[in-house]
Amino acid sequence: MAAQQHTVTATPFQQAVWEAIRQIPTGRVTTYGDIAAYLGTKAVRAVGTAAGRNPNAPQVPCHRVVCADGKIGKYSGPGAVKRKKELLSHEGVEIAGGKIVDFETLRYRF
DNA sequence: AACTTGACAGCAG
DNA sequence: GCTGCTGCCAAGT
């Protein structure tokens, strides 16, 4: 009888968000709003919250998720935003003035 | 069970 | 063009 294990069962919503982010290929970016729309909801805030709580760091490239205006948004850890810029720049996404260059072009569509 | 917070987005001033 | 408020939904306290 298996007692309830301490398995941190993330809610279906969270898993859906991580799966959506996981589909973003390298050198590509998407917005929280797009993910929300892909999930069929308007809860862009909830999507952002889910991304911040993402325990699958390398598997879920949440650094490829930015604001709808092409701004970087936020990230977790010290020097978070700066690190996010570096990661994106390293993947071929050019950033200028804290915003993505040719954002609409690099924007990935589900 | 209720209130507050939160990795946003859109519109008004 | 920037700042501020509102709306959205879920998770945490």
Side-chain angles (χ1 to χ4, degrees):
Chain A
M1 346 177 330
Q4 295 242 341
Q5 299 180 15
H6 284 228
T7 333
V8 279
T9 45
T11 67
F13 186 83
Q14 293 288 89
Q15 294 185 35
V17 173
W18 301 332
E19 245 178 276
I21 296 172
R22 214 162 68 173
Q23 293 174 64
I24 308 171
T26 308
R28 251 349 184 198
V29 288
T30 195
T31 71
Y32 298 93
D34 276 5
I35 295 172
Y38 172 70
L39 298 178
T41 180
K42 304 171 195 171
V44 292
R45 307 289 315 261
V47 173
T49 306
R53 297 211 167 218
N54 146 14
N56 308 344
Q59 194 165 350
V60 180
C62 34
H63 61 270
R64 289 179 193 148
V65 187
V66 295
C67 292
D69 290 49
K71 293 194 289 195
I72 302 302
K74 285 196 182 173
Y75 199 63
S76 117
V81 179
K82 183 177 179 177
R83 174 134 180 121
K84 192 165 178 178
K85 288 184 192 174
E86 295 291 286
L87 283 164
L88 289 170
S89 179
H90 187 273
E91 294 190 350
V93 181
E94 192 174 4
I95 301 176
K99 294 179 198 163
I100 297 183
V101 182
D102 283 323
F103 168 60
E104 289 295 323
T105 306
L106 296 170
R107 187 169 172 183
Y108 173 75
R109 313 235 178 181
F110 293 95

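Quick note on labels: first sequence line is chain A, next is B, and so on, each numbered from 1.
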Same hydrophobic cluster for [X] and [Y], using side-chain heavy-atom links shorter than 4.5 Å among ILVMFWY?
{"X": "A:Y32", "Y": "A:L39", "result": "yes"}
{"X": "A:V66", "Y": "A:Y108", "result": "no"}
{"X": "A:L106", "Y": "A:Y38", "result": "no"}
{"X": "A:F110", "Y": "A:I21", "result": "yes"}

Over how many whole Å does the gap from [X] atom [atom1] to [N] atom [atom2] extend?
{"X": "A:Y38", "N": "B:dA9", "atom1": "OH", "atom2": "P", "value": "19 Å"}
{"X": "A:L39", "N": "C:dC8", "atom1": "CG", "atom2": "P", "value": "18 Å"}
{"X": "A:K71", "N": "B:dG10", "atom1": "NZ", "atom2": "C1'", "value": "12 Å"}
{"X": "A:K74", "N": "B:dA9", "atom1": "NZ", "atom2": "C1'", "value": "15 Å"}

Any base atoms under 4.0 Å from [X], or only sugar-phosphate, or nothing? Heavy atoms, all strands.
{"X": "A:G73", "value": "nothing"}
{"X": "A:A51", "value": "base"}
{"X": "A:S76", "value": "nothing"}

Minimum heavy-atom distance between A:F13 and A:A46, given as atom pair plus value
CE2-CB, 3.7 Å
Exercise: identify the closest heavy-atom pair between A:C62 and A:N54:
SG-ND2, 3.3 Å
List the atom pairs, donor and acceptor, that lie under 3.5 Å between side-chain atoms in residues 67-84 of chain A and the rest of the protein, sequence neighbours left out.
{"residue": "A:K84", "atom": "NZ", "partner": "A:V65", "partner atom": "O", "Å": "2.6"}
{"residue": "A:K84", "atom": "NZ", "partner": "A:I72", "partner atom": "O", "Å": "2.9"}
{"residue": "A:K84", "atom": "NZ", "partner": "A:K74", "partner atom": "O", "Å": "3.0"}

Each nucleotide N or O in nucleotides 10-12 of chain C that has a protein N or O under 3.5 Å away: list the pair and distance.
{"residue": "C:dA11", "atom": "OP1", "partner": "A:T11", "partner atom": "OG1", "Å": "2.2"}
{"residue": "C:dG12", "atom": "OP1", "partner": "A:R53", "partner atom": "NH1", "Å": "3.3"}

What is the pairing partner of C:dC8, taking Watson-Crick or G-U wobble pairs with both distances under 3.5 Å in any strand?
none
Partner lookup for C:dG1, please. Criteria are Watson-Crick or G-U wobble with both distances under 3.5 angstrom; report none if nothing qualifies.
none
Could you list by number each residue of residues 95-110 of chain A showing a heavy-atom separation from DNA chain B of less than 4.0 Å, or answer none if no residue does?
none
Scan nucleotides 5-7 of chain C against the protein and return all N/O pairs shorter than 3.5 Å with their distances rounded to 0.1 Å.
{"residue": "C:dG7", "atom": "O6", "partner": "A:R45", "partner atom": "NH1", "Å": "3.3"}

Is it true that a side-chain atom of A:Q15 and a backbone atom of A:A10 form a donor plus acceptor pair closer than 3.5 Å?
yes
Under a 3.5 Å distance rule, please check whether A:R64 uses its side chain to pair with a backbone N or O of A:I24 as donor and acceptor.
yes
Candidate list A:T30, A:D34, A:D102, test side chain to side chain donor-acceptor pair (under 3.5 Å), partner A:R107, passing option
A:D34
Taking only residues two or more places apart in sequence or in another chain, which ones pass salt bridge (Lys or Arg N to Asp or Glu O under 4.0 Å) with A:E86?
none
Measuring from atom CD of A:Q59 to atom CD of A:E19, what distance do you get when rounded to the nearest 0.5 angstrom?
10.0 Å
Please write out each protein N/O paired with an N/O of nucleotides 11-13 of chain B under 3.5 Å, distance rounded to 0.1 Å.
none

